[in-house]
2 protein chains.
Amino acid sequence: MAKPALDAADLRILDALQRNGRLSNVDLAEQVGLSPSPCLRRVRDLEEAGYIQGYAALLDRRRLGFGVVAFVEVKIDQNAEGDARFRQAVERIPEVVSCFVMTGTMDYLLQVVVPDLDAFAEVSMRRLLQIPGVKDVRSSFVLDVVKHGTALPLGR
Amino acid sequence: MAKPALDAADLRILDALQRNGRLSNVDLAEQVGLSPSPCLRRVRDLEEAGYIQGYAALLDRRRLGFGVVAFVEVKIDQNAEGDARFRQAVERIPEVVSCFVMTGTMDYLLQVVVPDLDAFAEVSMRRLLQIPGVKDVRSSFVLDVVKHGTALPLGR
DNA sequence: AGTGAAAGGAGCGATAC
DNA sequence: GTATCGCTCCTTTCACT
């Protein structure tokens, strides 16, 4: 499992694929200036080395009826046991799309996606606040999305 | 542009594709219980109707040298002009991966991805704080990622 | 709407440079 | 390491149910 640094072609492959994950290998090869075979080999290597974790279709949240996005700051009684319990509980809530451990006064930052405020209340009160050790929950709601990216700034 | 509601097969297609955006059409058809032809038609229709906005490769941030993720709350002098200017400025900063208008005391919430703290300082001080109208910037850093999803909770 | 067959093209291995 | 060949399978369209 040696890890030779990525060269310019690898970076171009990654950049192209994070912009369009369904590029066919021939199109990708053309974009990065390789012929298809070595291009495909590189893609496979990048996948196996873990640089590419997977591929996803990006769906239109609103069109699918998920009109509410909230960021929820959570403070818990901090000890190893409580943390583990909280993480497990959060894993099992599909409406919690992301969960980060943060610096600052709040321990966790959660991103929650739900159809409406009723559904949010359900998640907040019936799920999050039920987790033992949760002390404080503060929610902010997304009013507008200026930018929503999945892509890393590889072009820098 | 009529919008007939999605049926169960459509939802299964969307769910499968947001989990694996590179599923071949035959595999997808099998998973959702259709034969390849109608399955492909539905996918095309979902793409054209905007339910599927695109496809992306999900890359391993850390392995690519982006060790720092920050959430930055920004408060600005609020007027139509200042907002427009701020949004345009943010669009042009690739390290700002996401930007939301929020309820609460802070106007914007930005997610910033950079290689290290020096790069963050650069973005924060040389880019964000230079934008006219920016009054307050408060940054929190991600210490650990419990969950990081792109997928909507379609299974509910 | 879904099925089935047929043509074009892509993936992917083998081989040569 | 990269390019070319060739076979197989998928994708995609069309006619039919």
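In what follows, chains carry the letters A, B, and so on, assigned in the order in which the sequence lines appear, proteins first and then strands, with residues in each chain numbered from 1.
For A/E81, the side-chain hydrogen bond (donor to acceptor under 3.5 Å, both in side chains) test picks out no residue, with sequence neighbours left out. Residues passing the ring-ring contact (aromatic ring centres under 6.0 Å, His included) test with B/F71, sequence neighbours excluded: A/F100. Contacts of A/D77 classified as salt bridge (Lys or Arg N to Asp or Glu O under 4.0 Å), with partners at least two apart in sequence or in another chain: A/K135. Under the salt bridge (Lys or Arg N to Asp or Glu O under 4.0 Å) criterion, A/E30 pairs with no residue, sequence neighbours left out. Under the rule for a side-chain hydrogen bond (donor to acceptor under 3.5 Å, both in side chains), the partners of A/R126 that lie at least two apart in sequence or sit in another chain are A/E122.
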Quick tally for nucleotides 1-17 of chain C: nucleotides whose base has a protein heavy atom under 4.0 Å get B, sugar-phosphate-only ones S, the rest -, giving -BBBB----SSBB----

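Applying the ring pair (Phe, Tyr, Trp, His ring centres under 6.0 Å) test to residues at least two apart or on different chains, the pairs with a partner in residues 119-140 of chain A are A/F120-A/F141. The ring pair (Phe, Tyr, Trp, His ring centres under 6.0 Å) analysis of residues 13-42 of chain B, with sequence neighbours excluded, yields no pairs.
The stretch residues 11-21 of chain B does not touch DNA chain D, since none of its heavy atoms comes less than 4.0 Å from the strand.
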